[in-house]
Visitor: 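Here you go, one structure.
Quick note: residue numbers are just sequence positions, from 1.
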Amino acid sequence: KIPTEVEFASEFRYRNPIIEEGTTIIAISQSGETADTLAALQEGNQYIRLKNPQPVETGKKIEVIEFFSYGCPHCADLEPHLAAWHKRLPPDVQFRRVPVAFQPAWENLGKVYYTLDTLGEEARLSPEVFAAIHGGARVNLSQEQRFLDWAASKGLDRKKVEDTYKSFGIAGKVGRAKQIAQLYNIQSVPTVIVDGKFLISSSSAGGHERVPAAIDAAIATARAERPK
């Protein structure tokens with residue numbers, strides 16, 4: 001026997017259903033309900049509504065968070081698709097990244113991210129960080145001295161990078177990132193959260209290249225559900 005539930009598409013989104021990865025959804029539509037059915041399918045197939053939504057930090061703007069790590073090969077694969085999406089970011093949406101620390105090396109890579117972000121170099125150098133770690137050179141940027149040498153090779157002031165990397169401010173941001181990942185119960189990366197209540201992964205979206213469309217669909221739902 002397979003556990004089964006029946007829902008009306010017109011009520012599906014508003015009932016706040018809990019859909020986990022691996023759930024199979026079969027949609028049956030009839031005249032007059034096609035739009036509701038398609039909306040319900042988006043929520044079931046492209047993104048998942050969280051059981052415990054979290055408040056956002058972006059005020060009136062819809063918040064999109066990517067939980068990631070430079071050390072994650074799947075995050076590296078998603079990067080070009082997400083970068084292309086970010087170039088057309090809607091004005092009512094704010095995007096930010098939160099590095100996870102599933103292992104000690106990734107915690108150091110979180111420091112790398114926040115160092116580059118603090119210095120205003122994250123957008124320029126994040127693709128190169130991924131390339132250095134996952135490309136042919138396989139540079140271990142989780143090692144402090146190798147990161148400092150690498151940063152200097154990219155034209156950054158080595159002393160300024162070192163001071164930033166070792167600062168209390170960066171340590172505080174890494175600690176806060178751990179708290180946020182725990183609040184959302186992040187178990188794998190890359191994971192994208194839209195407006196504190198919709199979860200998107202490459203598997204739920206159907207592949208890395210489909211993540212941007214899933215984000216757009218979740219944004220549209222979040223926009224519709226926000227107070228006017």
Visitor: So Arg124 and Glu121, salt bridge (charged side-chain N to carboxylate O under 4.0 Å, His left out) or not? Walk me through it.
Guide: CA-CA 5 Å; Arg124 178 174 76 92; Glu121 297 286 354; 2.8 Å; yes
Visitor: Is the shortest side-chain N to carboxylate O distance from Lys111 to Glu107 below 4.0 Å?
Guide: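 The answer is no: the pair does not qualify as a salt bridge.
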Visitor: Is a salt bridge present between Glu66 and Arg96, judged by a nitrogen-to-oxygen distance below 4.0 Å?
Guide: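 No, this pair does not count.
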Visitor: For the residue pair Gln54 / Asn52, report whether a side-chain donor-acceptor contact shorter than 3.5 Å exists.
Guide: no
Visitor: Has Lys154 got more than 12 heavy atoms of other residues, nucleotides or ligands less than 6.0 Å from its NZ?
Guide: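 Result for NZ/Lys154: enclosed.
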Visitor: For residues Val56 and Ile193: do they belong to one hydrophobic cluster (side chain heavy atoms under 4.5 Å, members Ile, Leu, Val, Met, Phe, Trp, Tyr)?
Guide: no
Visitor: Test your reading of the model: is there a side-chain donor-acceptor pair from Thr164 to the backbone of Lys160, 3.5 Å cut-off?
Guide: yes
Visitor: Around atom NE2 of His74, are there more than 12 heavy atoms from other residues, nucleotides or ligands closer than 6.0 Å?
Guide: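 Open: at most 12 neighbouring heavy atoms sit under 6.0 Å from NE2 of His74.
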Visitor: Is it true that Ile219 and Leu89 fall in one hydrophobic cluster, defined by side-chain heavy atoms closer than 4.5 Å?
Guide: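 In one cluster: yes.
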Visitor: Contact between Phe147 and Val139 at the side-chain level, heavy atoms closer than 4.5 Å - yes or no?
Guide: no
Visitor: Check whether any side-chain heavy atom of Tyr113 lies under 4.5 Å from a side-chain heavy atom of Val129, and answer yes or no.
Guide: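 Heavy-atom side-chain distance check fails, nothing below 4.5 Å.
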Visitor: Please identify each residue that fulfils side chain to side chain contact (heavy atoms under 4.5 Å, CB included) with Pro80, with sequence neighbours left out.
Guide: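 Expected list: none.
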Visitor: Specify the closest pair of heavy atoms between Ala181 and Phe67, including all atoms of both residues, with the distance to one decimal.
Guide: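 Ala181 and Phe67 have their closest heavy atoms at CA-CE2, 3.7 Å.
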Visitor: If only atom types and distance count, is the side chain of Asp195 paired as donor or acceptor with the main-chain N or O of Lys197 below 3.5 Å?
Guide: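 A pair under 3.5 Å: no.
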Visitor: Would the distance check show the side chain of Ser126 and the main-chain N or O of Ala123 forming a donor-acceptor pair, the cut-off being under 3.5 Å?
Guide: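 Flag not set: sc Ser126 to bb Ala123 has no pair under 3.5 Å.
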Visitor: Given the rule in the side chain to side chain contact (heavy atoms under 4.5 Å, CB included) test, do Ile65 and Glu63 qualify, once you have shown the distances and angles that lead to the verdict?
Guide: CA-CA 6 Å; Ile65 305 175; Glu63 181 181 64; 3.5 Å; yes
Visitor: Rounded to the nearest 0.5 Å, what separation is found between the CD1 atom of Ile133 and the CZ atom of Arg146?
Guide: 11.5 Å
Visitor: Which pairs would a plain distance check flag for residues 208-217, meaning a side-chain donor or acceptor within less than 3.5 Å of a matching protein atom at least two apart in sequence or in another chain?
Guide:
{"from": "His208", "atom 1": "ND1", "to": "Ser202", "atom 2": "OG", "distance (Å)": "2.7"}
{"from": "Asp216", "atom 1": "OD1", "to": "Trp85", "atom 2": "NE1", "distance (Å)": "2.9"}
{"from": "Asp216", "atom 1": "OD2", "to": "Arg88", "atom 2": "NH1", "distance (Å)": "3.1"}
{"from": "Asp216", "atom 1": "OD2", "to": "Arg88", "atom 2": "NH2", "distance (Å)": "3.1"}

Visitor: Ser204 and Ile48: which non-hydrogen atoms are nearest, and at how many Å?
Guide: CB-CD1, 4.4 Å
Visitor: Any heavy-atom pair between the side chains of Ser201 and Pro190 that's under 4.5 Å?
Guide: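 SC-SC contact between Pro190 and Ser201 ruled out.
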Visitor: Output all residues satisfying ring-ring contact (aromatic ring centres under 6.0 Å, His included) with His86, sequence neighbours left out; order by chain, then residue number.
Guide: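 If we apply the ring-ring contact (aromatic ring centres under 6.0 Å, His included) test to His86, skipping adjacent residues, the hits are Phe95.
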Visitor: Please report the interatomic distance CD(Gln103) to CG(Asn108), rounded to the nearest 0.5 Å.
Guide: 10.5 Å
Visitor: Going by heavy atoms in the side chains, are Tyr165 and Asp163 under 4.5 Å from each other?
Guide: no
Visitor: Sub-3.5 Å donor-acceptor pair from the side chain of Arg226 to the main-chain atoms of Lys60, do we have one?
Guide: yes
Visitor: Could you check whether any side-chain heavy atom of Trp106 comes within less than 4.5 Å of a side-chain heavy atom of Val189, counting everything from C-beta outward?
Guide: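 Trp106 reaches Val189 side chain to side chain.
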Visitor: With side chains defined as the heavy atoms from C-beta onward, is the minimum distance between Leu50 and Phe198 less than 4.5 Å?
Guide: no
Visitor: Salt-bridge test for Asp117 and Arg97: reply yes if a basic N is under 4.0 Å from a carboxylate O, no otherwise.
Guide: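 Salt bridge absent between Asp117 and Arg97.
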Visitor: About how many Å separate CG of Asn140 and CG of Leu109, when rounded to the nearest 0.5 Å?
Guide: 7.5 Å
Visitor: Taking all atoms of both residues into account, what is the closest heavy-atom pair of Ile170 and Thr115, and its distance?
Guide: CD1-N, 3.8 Å
Visitor: Would you say that Pro99 contacts Tyr70 through its side chain, given a criterion of any heavy-atom pair below 4.5 Å between the two side chains?
Guide: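 Pro99 does not reach Tyr70 side chain to side chain.
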Visitor: Give me the atom names and distance for the closest heavy-atom approach of Phe130 to Ser69.
Guide: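 Where Phe130 meets Ser69 most closely, the heavy atoms are CE2-O, 3.7 Å.
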Visitor: Quick one, Leu148 and Gln145 - any side-chain contact, counting heavy atoms below 4.5 Å?
Guide: yes
Visitor: What's the shortest heavy-atom distance between Pro127 and Glu122, and which atoms?
Guide: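 Closest approach of Pro127 to Glu122: CD-O, 4.5 Å.
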